[in-house]
Amino acid sequence: MRLSRYFLPVLKETPKEAEIVSHQLMLRAGLIRQESSGIYAWLPLGLRVLKKVNQIIREEQDRTGALELLMPTIQSAELWRESGRYEAYGKEMLRIADRHDREMLFGPTNEEMVTSIFRTHAKSYRDLPLNLYHIQWKFRDEVRPRFGVMRSREFLMKDAYSFDLDKAAARHSYNKMFVSYLRTFARLGLKSIPMQADTGPIGGDLSHEFIILADTGESEVFCHKDYLDFTPPPITTNFDDVAGLQATVDRWTSLYAATSEKHDAAAYDAIATDKRVSARGIEVGHIFYFGTKYSDPMKAQVQGPDGKPVTVHMGSYGIGPSRVVAGIIEASHDKDGIVWPVTVAPFEAAVVNLKVGDPDTDKVCAEMVGKLEAAGIDVLYDDRDERAGAKFATMDLIGIPYQLIVGPKGVKSGEAEIKVRRGGDRRTRPLDTVADEVIVLVTQARKLA
RNA sequence: CGGGGUAUAGCUCAGCCUGGUAGAGCGCUUGCUUUGGGAGCAAGAAGUCGGGAGUUCGAAUCUCUCUGCCCCGACCA
């Protein structure tokens, strides 16, 4: 992608409405634009990041056997009356009427709809277990949206819903998502810690919030320090291994970790002083087992092996990709801008032409871009007629992980420079191998996830 | 929903108190000079001063009202 032809409205100054660093940087780097309180447009660069986050989530969901579908944003009030939540949800639900004055709503979540889909089409215990998920825009009319896309009214959510014959099977479905989330957040470059959490109005008795530590987080959290050094489950994880998954979940819940709502001061005080972490955190995922809370009133049943109807056990599992983007920035930035993990970077590498119009430099840059693109790398080519300083500043602000800097002096001496965004390391390399080295760096960084 | 603030060019803001017909920096356009960490000089484009009503010879400025946005609190899978 040539930057001179791209739409990248970066800002030198920080817009005054932005309080936290992720919001400031998302505006400055041209990722988003506010359209209304708690409602944002995703600009081209921001959308690239959002799509990469979605893709990682999707791959890890699919790995567990979950199936993607897509439910609508607009739902009928009828469905919500069945579960009793139409009244219970309160003013946070955006209620609308269509031309026939039928009561509709912009979905804040999809338990009712997915349950309705399930009960219509799944009739036998042989259809279980089943996990259906989608990545769709939600709307919750928050009293006070803030912090950009961190707490917005319209936001993207991956929500998965599991259906099982009994509690034991549901527990395994829960564990699949638990382990999947650990892998997902690790691939997104985040250190997530599963914490005991309130189940809230959604109900149920088994629930974990996945928290990343950040000073600007909205939740107060307490946990054992060792969690920060835990290794995420490997790609070879067998999601059908019931005992194996349970062992992983047990390990990740063996030490103390809780949000303030579930905080047990006595248990926390039992931790060695130097192992206590009392911090603020951002909730990036939340998983629930809630049994028959919806399947019961909505009569989601299948026929069991004995021919008798069984009400299915359900769980729901959410990740907010739009919030995750902000969370990644909170966890990974410096004074110059965003430091994207390669896995979610809008472009994995950039070629920076320091003298656009100089035939030799232009030619070398074109070769570099061609080599990187041929290797399947997302490349941003800065071919703008700007000064070097402005180009460096832009690349750092938008956080491109690997920057291949080509200037006329280097071209003459047969060299170019590689700059690594994280840490700022720079190295000069011969022109004939420099692109290959960037390819290796990007490829390795992808694998680390 | 309570409390507080704010609204002037794309962005950050000054001007308002004490009414006299619109400003700066950055960004944008053009030209020249520059060219390895957000360059310099010159010329230029750009604003219904959030909307409405009122006071006044005259309103960005004073009054009333509505709206948007932000902050604190309560709220929040």
Side-chain angles (χ1 to χ4, degrees), chain A residues 8-20 23-24 27-28 30 33-39 85 88-93 107-111 138 140-148 150-153 155 157-161 195 197-204 206-211 218-219 259-261 282-290 293-294 314-320 323 335-337 352-358 361 382 384-398 403 405-413 415-417 419 424 426 428:
Chain A
L8 184 64
V10 299
L11 304 172
K12 263 191 182 176
E13 287 171 286
T14 304
K16 63 177 172 181
E17 73 265 22
E19 289 277 308
I20 63 172
H23 190 196
Q24 294 171 347
L27 292 168
R28 286 195 53 212
R33 196 183 90 111
Q34 180 169 350
E35 294 301 332
S36 181
S37 178
I39 299 177
R85 280 211 292 180
Y89 219 96
K91 299 185 87 167
E92 203 172 298
M93 177 149 64
T109 177
N110 283 69
E111 278 85 2
K138 304 291 189 289
R140 292 181 193 173
D141 201 357
E142 296 275 353
V143 191
R144 191 181 158 208
R146 62 187 119 172
F147 304 144
M150 192 73 85
R151 175 165 293 282
S152 52
R153 295 196 292 170
F155 61 99
M157 182 158 82
K158 185 287 298 182
D159 38 327
Y161 304 91
M195 301 197 179
D198 245 353
T199 50
I202 208 158
L206 183 55
S207 170
H208 286 91
E209 282 186 20
F210 287 73
I211 301 280
E218 288 192 274
S219 318
T259 59
S260 57
E261 294 84 18
I282 299 168
E283 176 192 347
V284 287
H286 201 154
I287 61 178
F288 300 87
Y289 161 72
F290 47 73
K293 180 182 165 90
Y294 299 98
M314 295 175 57
S316 80
Y317 316 89
I319 296 178
R323 174 183 286 186
K335 65 173 173 48
D336 296 320
V352 180
N353 185 334
L354 292 185
K355 194 164 177 81
V356 174
D358 176 69
T361 311
D382 190 348
R384 295 173 303 164
D385 185 17
E386 287 284 347
R387 298 171 64 81
K391 296 193 175 205
F392 296 144
T394 299
M395 287 301 153
D396 287 351
L397 174 62
I398 67 174
Q403 302 166 20
I405 298 161
V406 181
K409 292 174 201 162
V411 168
K412 276 201 179 60
S413 56
E415 291 173 335
E417 189 175 61
K419 177 179 168 185
R426 298 192 210 182
T428 302

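We name chains A, B, ... by the order of the sequence lines, and we start the count at 1 in each one.
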[atom1] of [X] versus [atom2] of [N]: gap in Å, rounded?
X      : N      : atom1 : atom2 : result
A:Q403 : B:rG37 : CD    : P     : 14 Å
A:Q24  : B:rC70 : CD    : P     : 14 Å
A:E417 : B:rG36 : CD    : P     : 13 Å
A:F210 : B:rA77 : CZ    : C1'   : 14 Å
A:E209 : B:rC76 : CD    : P     : 13 Å
A:D141 : B:rA77 : CG    : P     : 15 Å
A:R153 : B:rG68 : CZ    : C1'   : 12 Å
A:E142 : B:rC71 : CD    : P     : 13 Å

Is there a Watson-Crick or G-U wobble partner for [N] with both distances under 3.5 Å, and which nucleotide is it?
N      : result
B:rA7  : B:rU67
B:rG44 : B:rC28
B:rC49 : none
B:rC62 : B:rG54
B:rG23 : B:rC13
B:rG37 : none
B:rC76 : none

Span that lies between the [atom1] atom of [M] and that of [N], in whole angstrom:
N      : M      : atom1 : answer
B:rG50 : B:rU8  : C1'   : 10 Å
B:rU12 : B:rG27 : C1'   : 11 Å
B:rC71 : B:rC26 : C1'   : 26 Å
B:rG15 : B:rG52 : C1'   : 24 Å
B:rG38 : B:rG58 : C1'   : 45 Å
B:rU30 : B:rG73 : P     : 48 Å

Could one point to a donor on the side chain of [X] or the base of [N] with an acceptor on the other under 3.5 Å away?
X      : N      : result
A:R28  : B:rG38 : yes
A:T394 : B:rG38 : yes
A:K419 : B:rG37 : yes
A:R140 : B:rC76 : no
A:D336 : B:rG37 : no

Looking across every strand, which nucleic acid part, if any, lies under 4.0 Å from [X] by heavy atom: base, sugar-phosphate, or nothing?
X      : value
A:K91  : sugar-phosphate
A:A388 : sugar-phosphate
A:D396 : base
A:L397 : base
A:R33  : nothing
A:P9   : nothing

Between A:E111 and A:K293, does any side-chain N to carboxylate O distance fall below 4.0 Å?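 So A:E111 does not pair with A:K293 through a salt bridge.
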Less than 4.5 Å apart, any side-chain heavy atom of A:R426 and any of A:I405?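 No - every pair of side-chain heavy atoms lies 4.5 Å or more apart.
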Check whether any side-chain heavy atom of A:E283 sits under 4.5 Å from a side-chain heavy atom of A:R323, and report yes or no.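 Heavy-atom side-chain distance check passes, below 4.5 Å.
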So, does A:S207 get its side chain near the phosphate of B:rA77, meaning an N or O under 4.0 Å from OP1 or OP2?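 Answer is no, no contact under 4.0 Å.
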So, OP1 or OP2 of B:rC70: does either fall under 4.0 Å of a side-chain N or O from A:Q34?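 Answer is yes, contact under 4.0 Å.
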Relative to the 5' end of RNA chain B, which residue comes earlier, A:K138 or A:F392, by the nucleotide with the nearest heavy atom?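 Closer to the 5' end of RNA chain B: A:F392.
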Let me know, please, whether A:K12 or A:Y317 comes out on the 5' side of the other along RNA chain B by nearest nucleotide.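 Nearest nucleotide further toward 5': that of A:K12.
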Quick check against the 3.5 Å criterion: does [X] have a side-chain atom that pairs as donor or acceptor with the backbone of [Y]?
X      : Y      : result
A:Q24  : A:A18  : yes
A:T394 : A:A390 : yes
A:K412 : A:G407 : no

Could you point out which residue of A:R384, A:E386, A:M395 forms a side chain to side chain contact (heavy atoms under 4.5 Å, CB included) with A:V352?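 When A:R384, A:E386, A:M395 are each tested with A:V352, the side chain to side chain contact (heavy atoms under 4.5 Å, CB included) holds only for A:M395.
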Report all interatomic pairs (protein N or O, nucleotide N or O of nucleotides 11-13 of chain B) with separations under 3.5 Å.
unit_1: B:rC11; atom_1: O2; unit_2: A:E13; atom_2: OE1; d: 3.3
unit_1: B:rU12; atom_1: OP1; unit_2: A:K16; atom_2: N; d: 3.0

Of the non-hydrogen atoms in A:P408 and A:T361, which two are nearest, and what is the gap between them?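 Result for this residue pair: CA-OG1, 3.5 Å.
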Nearest 0.5 Å please: distance from the [atom1] atom of [X] over to the [atom2] atom of [Y].
X      : Y      : atom1 : atom2 : answer
A:D141 : A:M93  : CG    : CE    : 11.0 Å
A:K391 : A:N353 : NZ    : CG    : 5.0 Å
A:Y317 : A:D159 : OH    : CG    : 12.5 Å
A:E209 : A:S219 : CD    : OG    : 5.5 Å
A:R146 : A:R144 : CZ    : CZ    : 4.0 Å

Of all the nucleotides listed (B:rG36, B:rC70, B:rA77), which has the minimum atom distance to the side chain of A:I405?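 Minimum distance to the A:I405 side chain belongs to B:rG36.
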Can you tell which of B:rA77, B:rG36, B:rA39 lies closest to the side chain of A:R387?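 The nucleotide sitting nearest to the side chain is B:rA39.
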Are side-chain N/O atoms of A:Q403 and A:D396 paired as donor and acceptor at under 3.5 Å?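 A donor-acceptor contact under 3.5 Å links the two side chains.
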Audit row: A:E17, A:L27, side-chain contact (heavy atoms from CB on, under 4.5 Å) steps and yes/no: CA-CA 10 Å; A:E17 73 265 22; A:L27 292 168; 3.9 Å; yes
Which atoms of nucleotides 72-74 of chain B (N or O only) lie under 3.5 Å from a protein N or O atom, and what are those distances?
unit_1: B:rC72; atom_1: OP2; unit_2: A:R144; atom_2: NH1; d: 3.2
unit_1: B:rC72; atom_1: OP2; unit_2: A:R144; atom_2: NH2; d: 2.0

Under the salt bridge (Lys or Arg N to Asp or Glu O under 4.0 Å) test against A:E142, which residue among A:R151, A:R153, A:K91 passes?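 Passing option: A:R151.
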What's touching nucleotides 46-48 of chain B from the protein side, N or O pairs under 3.5 Å?
none

